[in-house]
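In what follows, a single structure is set out as structure tokens and then discussed.
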Amino acid sequence: MSVSFKGIVPALITPMTPSEAVDEEGLRLLIDRLIEAGVHALFVLGTNGEFIALSEAEKLRIAEIAVDQARSRVPVIAGTGAYATRDVIALNHKMQERGVDAVSVITPYFNGATQSELFAHYAAIATATPMPVMLYTIPAKAGVTLNIDTVRRLAEIPNIRGIKDSGGDFDRLVQLIGLRRDDFAVFTGTDSMILWTLMAGGDGAVAATTNAVPNVVMSIWNSFQAGDIASARLAQESLRALRDAFALGTMPVVLKTAAAMLGMPAGPARAPAQALDAKARERLSEALAIYRPYGSAN
């Protein structure tokens with residue numbers, strides 16, 4: 001399937017059963033609801049998908065389910081990041097066999113790779129796969145980022161087709177947007193910046209809040225495309241309640257709890273992440289009241 005990196009791409013949570021097993025039926029239901037809401041692609045196995053807590057076998061099974069359930073209605077992008085370059089290359093090969101349309105590769109984490117090491121890492125990964133590759137930076141979690149010059153050099157590699165930047169730095173994002181071309185897309189991974197990214201000329205957002213409130217996030221995109229900036233801004237501002245609530249617990253506990261409260265498949269996050277206590281759940285429930293005007297599908 002041809003991949004066009006554009007629009008609203010939910011960073012899917014991984015629904016789980018009470019015993020913390022992957023909830024395959026829940027994942028299928030979540031995929032259907034997101035596609036019905038109008039999302040432009042699916043991104044599985046990202047940070048909010050708990051990729052660091054999943055085995056390789058589970059990752060491959062999740063990718064299989066996503067491809068099967070999407071039924072070519074939208075592209076499927078799979079997160080395949082790891083510290084070791086060879087591990088990413090090996091997982092990309094297995095993901096290609098399972099039919100994913102593109103891969104997203106987070107920067108190597110924990111060990112503080114240099115810019116030259118990061119360039120070599122991504123260049124080797126891109127050379128080893130025919131699939132489109134999306135760069136993914138989230139410095140607060142990975143401890144390292146790609147500087148603008150490194151992104152510029154990587155963007156020249158034909159199948160490196162875009163970047164998801166989750167640093168929350170709008171000035172940096174504008175600099176990245178200056179690098180965008182028809183074959184190199186720039187996405188924000190910071191949901192509070194979706195509208196501002198679009199207004200600055202970016203291509204869209206890889207937005208985790210879509211799991212809980214898909215209609216709100218799609219309203220930002222649809223209103224912007226229709227030229228209704230006032231409505232887009234209202235929808236963007238309404239995301240603040242959910243984003244602010246993320247401070248109530250460990251990623252992605254709050255998001256999964258919110259999704260469940262709003263009728264989406266979710267379940268618990270894997271330990272050591274713990275469920276919200278009663279007081280935090282009450283505060284989250286109060287914060288979610290703002291989304292009722294968007295309807296039961298949120």
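Bear in mind that the values here come from a model prediction, so they are computed numbers and not experimental data. Quick note: residue numbers are just sequence positions, from 1.
Seen from the ring of Tyr136, Lys164 counts as a face-on cation partner, given the 6.0 Å and 45° thresholds.
Val103 is not listed as a side-chain neighbour of Ile125, based on a closest heavy-atom distance of 4.5 Å or more. Using a 4.5 Å cut-off on side-chain heavy atoms (C-beta onward), His40 and Lys6 make no contact. You'll find the side chain of Leu30 reaches within 4.5 Å of the side chain of Ile13, heavy atoms only. Counting heavy atoms from C-beta on, the side chains of Phe43 and Asn48 never come closer than 4.5 Å. Within the 4.5 Å cutoff, the side chain of Leu91 has heavy atoms near those of the Leu60 side chain. Here the side chains of Lys59 and Phe51 are in contact, with some heavy-atom distance below 4.5 Å. Between Ile229 and Gln236 the shortest side-chain heavy-atom distance does not fall below 4.5 Å. In this structure, the side chains of Val74 and Val9 stay at 4.5 Å or more apart for every pair of heavy atoms.
The minimum heavy-atom distance between Ile177 and Thr197, with the atom names listed, is CD1-O, 4.0 Å. The two atoms that bring Leu154 and Ala123 nearest to each other are CD2-N, 4.2 Å, heavy atoms only. The heavy-atom pair separating Ala245 from Leu284 by the smallest distance is CB-CD1, 3.7 Å. Listed here is the closest heavy atom pair of Val253 and Ala269: CG2-CB, 3.9 Å. Closest heavy-atom contact between Gly49 and Thr14: O-OG1, 2.7 Å. The heavy-atom pair separating Leu54 from Met16 by the smallest distance is CD2-CE, 4.1 Å.
For the atom pair OH of Tyr122 and CG of Leu135, the computed distance is 5.5 Å after rounding to the nearest 0.5 Å. With rounding to the nearest 0.5 angstrom, the CG atom of Leu248 is 12.5 Å from the CG atom of Leu255. We find the CG-OG1 distance between Leu195 and Thr188 to be 11.5 Å, quoted to the nearest 0.5 Å. Taking CZ from Phe119 and CD1 from Ile157, the interatomic distance works out to 4.5 Å, rounded to the nearest 0.5 Å. To the nearest 0.5 angstrom, Ile220 atom CD1 is 4.0 Å from Ile194 atom CD1. Atom CE of Met95 sits about 11.5 Å away from atom OG1 of Thr129, to the nearest 0.5 Å.
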Worked check of side-chain contact (heavy atoms from CB on, under 4.5 Å) between Val100 and Thr80: CA-CA 11 Å; Val100 305; Thr80 58; over 6 Å; no

Please determine whether side-chain contact (heavy atoms from CB on, under 4.5 Å) holds for the pair Val217 and Val39, giving the CA-CA distance in whole Å, both sets of side-chain angles, and the decisive distance to 0.1 Å. CA-CA 9 Å; Val217 180; Val39 303; over 6 Å; no

For Gln175 and Asp171, run side-chain hydrogen bond (donor to acceptor under 3.5 Å, both in side chains): C-alpha distance rounded to whole Å, both residues' side-chain angles, the deciding distance at 0.1 Å, then the answer. CA-CA 6 Å; Gln175 292 181 68; Asp171 179 66; 3.2 Å; yes

Any chance you could lay out the side-chain contact (heavy atoms from CB on, under 4.5 Å) test for Met261 and Arg281, step after step, and finish with the verdict? CA-CA 10 Å; Met261 287 179 171; Arg281 285 183 62 87; 3.8 Å; yes

For the pair Trp196 and Leu173, evaluate side-chain contact (heavy atoms from CB on, under 4.5 Å) and give the outcome as yes or no after the intermediate values. CA-CA 10 Å; Trp196 320 123; Leu173 190 65; over 6 Å; no

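The cluster map of Ile, Leu, Val, Met, Phe, Trp and Tyr, joined by side-chain heavy atoms under 4.5 Å apart, puts Ile290 and Met218 in the same cluster. Following chains of ILVMFWY side-chain contacts shorter than 4.5 Å, one cannot reach Met251 starting from Val44, and the two form parts of different hydrophobic clusters. Both Leu198 and Val174 belong to a single network of hydrophobic side chains, linked directly or stepwise wherever heavy atoms of I, L, V, M, F, W or Y lie under 4.5 Å apart. A chain of hydrophobic side-chain contacts below 4.5 Å, direct or via other Ile, Leu, Val, Met, Phe, Trp or Tyr residues, connects Phe170 to Met199. The hydrophobic cluster containing Val144 also contains Ile163, counting ILVMFWY residues as joined when their side-chain heavy atoms lie under 4.5 angstrom apart, directly or transitively.
Between the side chain of Ser285 and the main chain of Glu282, no donor-acceptor pair closer than 3.5 Å is present. The main-chain N or O of Asp228 is never found under 3.5 Å from a side-chain atom of Ser231 such that the two would form a donor-acceptor pair. In this structure a side-chain-to-backbone donor-acceptor pair under 3.5 Å is present from Asn211 to Ala11. Between the Asp191 side chain and the Ala208 main chain, a donor and an acceptor come within less than 3.5 Å of each other. Panel note: side chain Arg73, backbone Ala70; a donor-acceptor pair is recorded below 3.5 Å. A donor-acceptor pair under 3.5 Å is formed between the side chain of Arg270 and the backbone N or O of Ala53. Checked by atom type and distance alone, the side chain of Tyr291 pairs as donor or acceptor with a backbone atom of Leu242 at under 3.5 Å. For the pair Asn159 (side chain) and Met131 (backbone), a donor-acceptor distance under 3.5 Å is present. In this structure, the side chain of Asp101 engages the main chain of Val76 through a donor-acceptor pair within 3.5 Å.
Listed by first and then second residue, the side-chain hydrogen bond (donor to acceptor under 3.5 Å, both in side chains) pairs that reach into residues 20-29 are Glu24-Arg61, Arg28-Asp68, Arg28-Gln69, sequence neighbours excluded.
Atom CZ of Arg98 has more than 12 heavy atoms from other residues, nucleotides or ligands within 6.0 Å. For CD1 of Ile148, the number of neighbouring non-hydrogen atoms (other residues, nucleotides, ligands) closer than 6.0 Å is greater than 12.
Glu156 has a carboxylate O that lies under 4.0 Å from a charged side-chain N of Arg181, or vice versa, which qualifies the two as a salt bridge.
Between the side chains of Glu97 and His93, at least one donor N or O sits under 3.5 Å from an acceptor N or O.
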